[in-house]
Amino acid sequence: MTEPKPLRVGMVGYAFMGAAHSHAWRTAPRFFDLTLAPELTAVAGRNEQGVRAAAAKFGWGSVETDWRRLIERDDIDLVDICTPGNTHAEIAIAALEAGKHVLCEKPLANSVEEAELMTAAAEAAAARGVFSMCGFSYRRTPALALAKRMVEDGRLGELRHVRAQYLQDWLSDANAPMTWRLDKSKSGSGSLGDIGAHSIDAAQWITGRNITGVSALLETFVKERPVGGDLVGLGGRGGADSPRGPVTVDDAALFTARFEGTPDAGAAAGTDGNGAAAQPAPGPIGIFEATRFALGRKNAMRLELNGTKGSLAFDFEDMNSLQVYDSAQEPDAGFRKIMVTEPSHPYTGNWWPTGHGLGYEHGFTHQVVDLVTAIGAGERPSPSFADALQVQKVLAAVEASADNASHWQKV
Ligand code: SOE
């Protein structure tokens with residue numbers, strides 16, 4: 001068998017996502033047969049000492065202190081963007097225009113306008129065989145990929161409810177220090193775009209329906225935080241007497257949503273079977289919650305779907321299983337637990353024997369597998385920048401709804 005052609009990667013940023021992506025680039029070819037061989041060619045970061053340490057720790061072949069060098073280098077085939085959202089558009093558009101494939105962390109951008117420019121650049125590049133993907137990695141959690149299969153197979157019947165929560169608690173302490181994730185000019189939004197975006201993408205992808213309207217409430221519980229503390233990671237603690245700076249994003253986001261309907265069978269023929277103009281079957285309705293103040297919840301990315309024939313429920317804090325209720329086969333059994341570790345389940349056959357389980361990092365490795373496989377086949381990876389633009393439009397609609405208090409009914 002001929003050696004697969006190298007896919008030389010240049011990564012920008014080396015914090016939490018840089019660590020997860022480095023692990024994925026290195027691990028994917030060791031557990032999956034790939035048509036291209038990823039190489040960790042260069043990592044870029046502004047701080048030379050920091051980026052050199054990251055290169056040594058995560059196994060990158062060279063370093064750059066300016067991401068623009070990755071764009072100029074002819075030994076880089078793909079740029080992997082692991083930086084805060086305010087830098088995504090400039091880096092991605094430059095890389096695509098230079099003929100480099102792009103993997104860009106979520107959310108795609110900090111505004112719909114930026115996301116539209118990125119999507120236009122991605123469409124133009126794809127016509128030249130240069131591909132891009134947005135890193136909504138939860139699509140590659142086996143249990144959520146199985147949930148998508150079950151919905152597509154009609155196991156839940158017509159969907160009525162989507163219930164999505166993403167609950168963390170790492171900001172519950174008012175003295176947790178300021179970080180770029182709390183600065184709107186860098187992160188674009190708070191819990192809404194950081195973790196709510198995952199719920200929006202997963203719900204749209206699994207249901208196969210886009211959100212068409214929302215009604216929202218945003219809250220910032222802690223308005224100022226200690227500055228000068230651990231400004232990069234998720235940890236660290238300032239003191240009660242530290243100087244404090246303003247938090248400019250939401251701490252929690254709640255919103256209801258309506259999903260697009262699907263034409264019923266008769267709609268295809270243009271009638272509802274009695275000659276009347278067919279009405280599309282109404283889409284499901286949704287309720288979403290994203291917060292980093294749910295004390296005791298660490299990474300509870302949860303999704304429950306209720307349909308006419310069945311329901312399913314997932315919680316990332318129990319990520320190797322999927323709860324399923326099938327009213328046709330077992331009406332009196334209630335929800336039962338599927339251990340998503342069988343060889344027949346998505347991705348799991350490439351890892352361990354049944355029941356041994358996977359972790360958070362495996363979603364990133366599967367993301368690399370699917371990206372490299374698509375590029376090798378000359379096909380467009382998903383989620384595309386256009387898929388991520390749709391998520392960006394929902395984020396913007398949630399913020400617009402929360403700003404417009406007219407919908408709020410006083411009691
Ligand atoms: C937020 O704490 C966060 O790190 C998100 O930014 C990631 O996208 C998610 O995978 C884990 O939680």
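Values below: all heavy atoms of this structure, side chains included; hydrogens, waters and symmetry mates excluded. Every number for a ligand or one of its atoms is a count from 1 in the order of the listing. The structure displayed is predicted, hence computed values, not measured ones.
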Asks: Go through ligand 1 atom by atom and flag the ones less than 4.0 Å from a non-hydrogen atom of Tyr138.
Replies: 9 (C), 10 (O), 11 (C)
Asks: Once you restrict to heavy atoms under 4.0 Å, what part of Tyr166 touches ligand 1? Side chain, backbone, both or neither.
Replies: side chain
Asks: If every non-hydrogen atom of Ile206 is compared with every non-hydrogen atom of Leu305, which pair is closest and at what distance?
Replies: CG2-CD1, 3.7 Å
Asks: Do any nitrogen or oxygen atoms of Asn299 lie less than 3.5 angstrom from nitrogen or oxygen atoms of ligand 1?
Replies: no
Asks: Heavy atom to atom 2 (O) of ligand 1, shortest distance: which of Lys298, Glu105, Gln168, Met17 holds it?
Replies: Gln168
Asks: Can you label the angle between the His198 ring and the Phe136 ring as parallel, tilted or perpendicular, going by 30° and 60°?
Replies: perpendicular
Asks: Could you go through the ring pair (Phe, Tyr, Trp, His ring centres under 6.0 Å) check for Trp352 and Phe31 one step at a time?
Replies: CA-CA 10 Å; Trp352 321 123; Phe31 284 83; 5.4 Å; yes
Asks: Under 30°, 30 to 60°, or over 60°: which ring-plane class applies to His366 and Tyr347, parallel, tilted or perpendicular?
Replies: parallel
Asks: Answer yes or no for Arg292: is there a heavy-atom contact with ligand 1 below 4.0 Å?
Replies: no
Asks: Determine, using heavy atoms of Met301 and all atoms of ligand 1, whether some pair is separated by less than 4.0 Å.
Replies: no
Asks: Kindly give the heavy-atom pair with the smallest separation between Arg26 and Phe58, and that separation in Å.
Replies: NH1-O, 2.6 Å
Asks: Identify, by atom number and element, the atoms of ligand 1 in contact range of Lys106, meaning under 4.0 Å from any of its heavy atoms.
Replies: 5 (C), 6 (O), 8 (O)
Asks: Parallel, tilted or perpendicular, judged at 30° and 60°: which one describes the rings of Tyr138 and Tyr166?
Replies: perpendicular
Asks: Heavy-atom contact under 4.0 Å between His198 and ligand 1?
Replies: yes
Asks: Does only the side chain of Arg181 get under 4.0 Å from ligand 1, or the backbone, or both, or neither? Count heavy atoms.
Replies: side chain
Asks: Using side-chain contact (heavy atoms from CB on, under 4.5 Å), reason through Ser311 and His161 one step at a time and then give a plain yes or no.
Replies: CA-CA 9 Å; Ser311 294; His161 280 289; over 6 Å; no
